[in-house]
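Shown next, in structure tokens, is the structure this report addresses.
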Amino acid sequence: MHAHQHRARIAALPPAILLVVAAAWVALAVHPSAAASADQRPVQIDIDRSHPTGSSELVVGVTHTENSVDPWGDPDAVGRGKQLLEDLGGLSNQHIYGWGARNPNPRPGVYDWRSLDRRLAEQRAMGAQQVVTLCCSPDWMTALGTQTSDYPNIPPTPDRYDDFAALAARIARRYPHVKHYVVWNEFKGFWDSEANNWDYRAYTALYNHVWKALKDVDPEIQVGGPYLVIEGTGSRDMGKTGYATAEPITRRDRTALRYWLDHRLGADFLAVDRKTVGGSHDRNAYTPEQYLQLTRWFGNVTRSLRAETKLPIWYMEDYFVTAGGEAFQAAGLASMLAEHVRSGAAVSLRWGPQGQAGAAFGGNKQSLFTDTREAGGGRPYAAYLAYSAVQRHFGRGTPLYAASASSPDVDALASSTHVLLINRSPADVVVRVDGHRGLVALDPYDVALVRTGRRDG
């Protein structure tokens, strides 16, 4: 899927196997009768549709950050970006202070709702189900104790937990249509130096104050935490060294998670954050193929979390790697989403859907569309089509079927009617799906959605 590059290579496949597009106006790459060369045998995808292996629980969405389809951008670009988000649907997450929203409570008893009102109204108009992340804390509630808006990224002090909970309740009453709240972000400011771990006791105390305040406003409100960063790349079996390469979930993460699970007043979902490799914690070098091998740990992490709790698993942030180009990013994110679907994750939110013109990697930091502040912006990156395909054809409630490939270079995710193909290699690959005569040609790191024409029943 190379939407941003606008490559159109479409031709008619036999009726039994048709390539369809994730968005009707975007062209995807297909070769209906690509003749495999003498030294390139097609990769065979076999699907067992005798019975479902389970069903998807996944809903995808976005977390709006500092710049995100804001009205002061280029009007046409903003319109295109909003249309992409509206077509994607799913969930739309907004923080209350920071990441595009100003301090809503700069002084005790004084409120400034202008930026949060605007953000939530615009997101609601795009039709997505809204989520609010209750972070960060007004400065006067923190250790700063100042009536400023410096956005300190630190939590309220314990004597201000009730004040923060009261702010959460006020927000819930102001936006009664919002039914999902996440308490805090990544344990920011909660660290116990002596234990060399997150200060999960202090966080859980804050969480319980907020949980009670929100449930007092409306028992139907869904509340989740603890937004734990899952450590461990799982790359030691590749010969990589260092603490960061441990197999997830690490012992100290389990300690924090289990304390919260044991001492929370209640919860409706478990919020976590995970990346394949974090540059600030892992200085090892990886090949592109090794990066892609690490996506399997998303599935392992979800299964491990589900062994700890029956709560739905929400990935508030999940990352592949930013380097490698648009197609490579899309292949990695598609592989990540496929692992989410197979393992039973409930939510995956794309952090920062809008790219940043002039920034590294062509402005694409695993974003879904180009910068709407620029003329010509609001164009989908290849990753957008992967997210749209998963949302439309492998979303919550979709029966799943076992799919196997004759080569590890190709990953396949199958429903009763569609197959998502991911070329995990830097070479062209030709694929035959489920015995059909038509062939699908995939470019390096290509992602394609194929309709097989079969239906349940």
Side-chain angles (χ1 to χ4, degrees), residues 54-64 89-96 123 128-135 165 168-169 171-172 175 177-188 190 198 200 203-204 206-230 248-249 253-254 256-274 298-318 336-337 339-351 390-391 395-397:
S55 62
S56 171
E57 298 180 24
L58 189 68
V59 175
V60 304
V62 301
T63 293
H64 294 273
L91 300 178
S92 176
N93 178 37
Q94 176 63 51
H95 290 66
I96 63 169
Q123 294 164 25
Q129 187 174 9
Q130 292 188 274
V131 181
V132 166
T133 295
L134 295 165
C135 186
I171 289 170
Y175 310 109
H177 64 283
V178 178
K179 298 299 183 184
H180 293 85
Y181 287 85
V182 185
V183 181
W184 212 243
N185 173 302
E186 290 186 337
F187 279 83
K188 282 182 168 59
F190 288 101
W198 304 112
Y200 45 82
Y203 168 80
T204 302
L206 173 65
Y207 174 90
N208 284 338
H209 278 74
V210 175
W211 181 88
K212 185 178 185 306
L214 291 173
K215 291 293 185 177
D216 284 346
V217 172
D218 181 358
E220 298 302 313
I221 287 176
Q222 304 287 288
V223 185
Y227 209 139
L228 176 67
V229 178
I230 302 297
I249 303 170
D253 270 358
R254 277 192 199 279
L257 175 62
R258 287 173 176 170
Y259 182 90
W260 178 78
L261 287 171
D262 290 343
H263 295 87
R264 61 194 165 93
L265 289 178
D268 299 291
F269 56 91
L270 172 65
V272 296
D273 175 332
R274 170 160 173 78
F298 283 102
N300 289 359
V301 165
T302 300
R303 285 184 283 270
S304 184
L305 291 172
R306 288 168 68 88
E308 299 279 352
T309 177
K310 299 305 180 185
L311 292 173
I313 309 301
W314 282 38
Y315 283 85
M316 302 303 299
E317 300 177 43
D318 46 13
M336 178 191 76
L337 291 175
E339 290 294 334
H340 285 335
V341 170
R342 295 188 188 105
S343 61
V347 166
S348 171
L349 297 179
R350 181 80 258 115
W351 179 272
V390 169
Q391 184 89 303
R396 184 170 295 171

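Asp318 places a side-chain heavy atom less than 4.5 Å from the side chain of His340. Between Asp218 and Lys179, some side-chain heavy-atom pair lies under the 4.5 Å cut-off. By the 4.5 Å heavy-atom criterion applied to side chains, Thr63 and Arg350 are not counted as neighbours. Residues Leu257 and Val272 form no side-chain contact, since every pair of their non-hydrogen atoms from C-beta on lies 4.5 Å or further apart.
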Q | Candidate pair Val132 and Tyr175, rule side chain to side chain contact (heavy atoms under 4.5 Å, CB included), full reasoning | A | CA-CA 10 Å; Val132 166; Tyr175 310 109; 5.7 Å; no
Q | CA sep, side-chain torsions, deciding dist, call: Leu311, Leu261, side chain to side chain contact (heavy atoms under 4.5 Å, CB included) | A | CA-CA 10 Å; Leu311 292 173; Leu261 287 171; 4.2 Å; yes
(Q) Evaluate Trp314 against Val131 for side chain to side chain contact (heavy atoms under 4.5 Å, CB included), listing each step before the verdict. (A) CA-CA 12 Å; Trp314 282 38; Val131 181; 4.0 Å; yes
Q.
Working note: Ile171 + Leu134, criterion side chain to side chain contact (heavy atoms under 4.5 Å, CB included); need CA distance, chi angles, decisive distance, verdict.
A. CA-CA 9 Å; Ile171 289 170; Leu134 295 165; 4.2 Å; yes
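Shortest non-hydrogen contact noted between Gly299 and Ser343 is O-CB, 3.5 Å. Nearest heavy atoms, Ala172 versus Leu214: CB-CD2, 3.8 Å. In this structure, Ser348 and Met336 approach most closely via the heavy-atom pair OG-CE, 4.2 Å. When every heavy atom of Ala346 is checked against every heavy atom of Arg396, the shortest pair comes out as O-NH2, 3.0 Å. Contact detail for Ser92 and Ala128: the closest heavy-atom pair is CB-CB, 3.7 Å. A pairwise comparison of heavy atoms in Trp260 and Ala267 identifies CH2-CB, 3.6 Å as the closest pair.
We find the CD1-CZ distance between Ile249 and Arg254 to be 4.5 Å, quoted to the nearest 0.5 Å. For the atom pair CD (Glu339) and CG (Leu58), the distance works out to 12.0 Å, reported to the nearest 0.5 Å. Taken to the nearest 0.5 Å, the CG atom of Leu337 stands 11.5 Å off from the OH atom of Tyr315. Note that CD of Gln130 is 9.0 Å distant from CD of Gln94, once rounded to the nearest 0.5 Å. Residue Leu206 holds its CG atom at 10.5 Å from CZ of Phe187, rounded to the nearest 0.5 Å. Annotation: the span from Leu265 atom CG to His209 atom NE2 amounts to 9.5 Å, rounded to 0.5 Å.
Between His95 and Trp351, the distance separating the two ring centers is shorter than 6.0 angstrom.
Proximity of a side-chain donor or acceptor of Thr302 to a complementary backbone N or O of Phe298 within less than 3.5 Å is detected. Between the side chain of Tyr203 and the main chain of Val183, a donor-acceptor pair closer than 3.5 Å is present. In this structure, Asp268 contributes its side chain and Gly224 its backbone to no donor-acceptor pair below 3.5 Å. Distance alone, capped at 3.5 Å, is enough to place a donor-acceptor pair between the Lys215 side chain and the Ile221 backbone.
For the residue pair Thr133 / Asn93, a side-chain donor-acceptor distance below 3.5 Å is found, with atom types taken as modelled.
Aromatic ring orientation, His180 versus Phe269: tilted (interplanar angle from 30° to 60°).
With Tyr207 as the aromatic partner, Arg264 does not meet the cation-pi criteria of under 6.0 angstrom to the ring centre and within 45 degrees of the ring axis.
In the displayed structure, Lys212 atom NZ is contacted under 6.0 Å by at most 12 heavy atoms of other residues, nucleotides or ligands.
By the side chain to side chain contact (heavy atoms under 4.5 Å, CB included) test, Glu57 pairs with Arg306, sequence neighbours left out.
With Tyr227 as the partner, the side-chain hydrogen bond (donor to acceptor under 3.5 Å, both in side chains) test is satisfied by one option alone out of Glu317, Lys188, Glu186: Glu317.
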